[in-house]
Amino acid sequence: LRFSYNSTLTGLTVNDSIATLEDNTFTYTLTNSEDVLLPTLAFTGEVADQAQLIQWGEETKADGFATRIAAITNYAEDGSSTDYTLELRRPLDTNNTLADLLLGGNTIAAFNANKTDYTYHLASTTKQLPDLQPIAGSSLQHIATSFADSTMTIVVTPESGEATTYTVRFVTDLSEDVTLANINVE
C-alpha cells in the first residue's frame, strides 16, 4: 500500500552527464557543436514509478550558442504532475574550412584546408572541365559554389558567420604541337 505520490524530479542526466537544476529548470551545455541530435535523457525522481512527457522546441541561435528548450512534464503514479524546463545549449560551429577538395574524384594536388587558392592546368585538348567537389569540414557549414572566367569559387560559411573563400583557376596549357595541319594556296 502506497501512502504518498510525488512528481518531483531530483536529477537529470544528459548523455551520461549531470544537468544543473535550479527553480524547476535544468540547464546543460554540450561541448561539441556537432551534437545536433536530441540527447539521451535519464530522469531521477524523488520516488519510483514516475513518467515524463517531453516536448522539444525549435533550435535558436544567439550569443555564440544554439539553444533548444524542452518542456518536461513529470507525472506521479496518481496522475499529478510537475513541469520542468530543460535548456540544452551547444556552441555554434566555427569550422569554415573544407575537409577535402576533389577534382575528378581525387584530392586536388597539394590540398590543405588552410590553403585557399589553387591553379589546375588543363591539356589543350580538354573539351570538358573535370568535376570539382568540395567536401564539407562540418555538417553545419553552408557551401556555395560559382563559376566564372575559368575560375570556380567556393564559399564555406559556418554557423558562426565568417566565411572562407576557396578559388580554383583552370588554365589551358598551350599545345606543343607545332606541325602545320593544313595549308591553302590560291
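Only a predicted model underlies this, so the values are computations on that prediction, with no experimental measurement involved. All residue numbers refer to positions in the sequence shown, counting from 1.
Side-chain N or O atoms of Thr82 include one that pairs as donor or acceptor with a backbone N or O of Ser7 at under 3.5 Å. Without hydrogens or angle criteria, Thr126 side chain to Gln128 main chain gives no donor-acceptor distance under 3.5 Å. Distance alone, capped at 3.5 Å, is enough to place a donor-acceptor pair between the Tyr166 side chain and the Ala113 backbone. Judged purely by atom type and a 3.5 angstrom limit, Gln50 uses its side chain to pair as donor or acceptor with the backbone of Asn6.
Between Arg68 and Glu87 there is no salt bridge, since no side-chain nitrogen of the basic residue lies less than 4.0 Å from a carboxylate oxygen of the acidic one. Ion pairing of Glu159 with Lys61 is present here, as a side-chain N (NZ or NE/NH1/NH2) and a carboxylate O approach within less than 4.0 Å.
Of the residues Leu102, Thr107, Leu101, the one that meets the side chain to side chain contact (heavy atoms under 4.5 Å, CB included) test with Ile135 is Leu102.
For Asn96, the side chain to side chain donor-acceptor pair (under 3.5 Å) partners at least two apart in sequence or on another chain are Thr164. Taking Asp117 as the reference, Thr167, Arg169 meet the side chain to side chain donor-acceptor pair (under 3.5 Å) condition, with sequence neighbours excluded.
The neighbour count for Asn112 CG, taken as heavy atoms of other residues, nucleotides or ligands under 6.0 Å away, is above 12. Surrounding NE2 of His121 are more than 12 heavy atoms belonging to other residues, nucleotides or ligands, all under 6.0 Å away.
With contacts defined as side-chain heavy-atom distances shorter than 4.5 Å, the pair Phe147/Leu129 qualifies. For the pair Arg90/Leu140, a side-chain contact is recorded, criterion being any heavy-atom separation below 4.5 Å from C-beta on. Considering only heavy atoms from C-beta on, Leu98 comes within 4.5 Å of Phe111 through its side chain. Contact check for Thr13 versus Thr40: no side-chain heavy atoms found under the 4.5 Å cut-off. Residues Thr73 and Gln52 have side chains not in contact (no heavy-atom distance under 4.5 Å, counting atoms from C-beta outward). Between Leu41 and Val14, some side-chain heavy-atom pair lies under the 4.5 Å cut-off.
In this model, a donor atom of one side chain and an acceptor atom of the other lie less than 3.5 Å apart for Asn95 and Thr97. Looking at Thr25 and Asp23, their side chains never bring a donor and an acceptor atom within 3.5 Å of each other. At a cut-off of 3.5 Å, with distance as the only test, no side-chain donor of Asp149 or Thr151 sits close to an acceptor on the other residue.
Note that OH of Tyr5 and CD of Glu77 are 5.5 Å apart. Values are rounded to the nearest 0.5 Å. Remark: Leu9 CG to Phe43 CZ distance equals 6.5 Å, nearest 0.5 Å. A distance of 5.0 Å separates CG in Leu12 from CZ in Phe26, rounded to the nearest 0.5 Å.
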**Prompt:** side chain to side chain contact (heavy atoms under 4.5 Å, CB included) between Val155 and Ile143: does it pass, once the steps are laid out?
**Reply:** CA-CA 6 Å; Val155 179; Ile143 298 177; over 6 Å; no
**Prompt:** Can Ile72 and Thr85 be said to form a side chain to side chain contact (heavy atoms under 4.5 Å, CB included), step by step?
**Reply:** CA-CA 6 Å; Ile72 303 167; Thr85 301; over 6 Å; no
**Asked** Would Leu53 and Tyr75 satisfy side chain to side chain contact (heavy atoms under 4.5 Å, CB included), going step by step from the backbone distance to the final call?
**Response** CA-CA 8 Å; Leu53 172 65; Tyr75 292 97; 4.0 Å; yes
**Request:** Show your reasoning for whether side chain to side chain donor-acceptor pair (under 3.5 Å) applies to Asn15 and Ser17.
**Result:** CA-CA 6 Å; Asn15 294 341; Ser17 296; over 6 Å; no
**Item:** Trace of the side chain to side chain contact (heavy atoms under 4.5 Å, CB included) decision for Thr67 with Ile69
**Value:** CA-CA 7 Å; Thr67 303; Ile69 303 293; 4.0 Å; yes
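Nearest heavy atoms, Thr145 versus Pro134: CG2-CG, 4.1 Å. Residues Pro158 and Asp93 come closest through the heavy atom pair CB-O, 3.5 Å. The minimum heavy-atom distance between Ala70 and Ile54, with the atom names listed, is CB-CG2, 4.0 Å. The two atoms that bring Trp56 and Pro39 nearest to each other are CH2-CD, 4.0 Å, heavy atoms only.
Using a 4.5 Å cut-off between side-chain heavy atoms of Ile, Leu, Val, Met, Phe, Trp and Tyr, with links allowed through other members, Val156 and Leu92 fall into different hydrophobic clusters.
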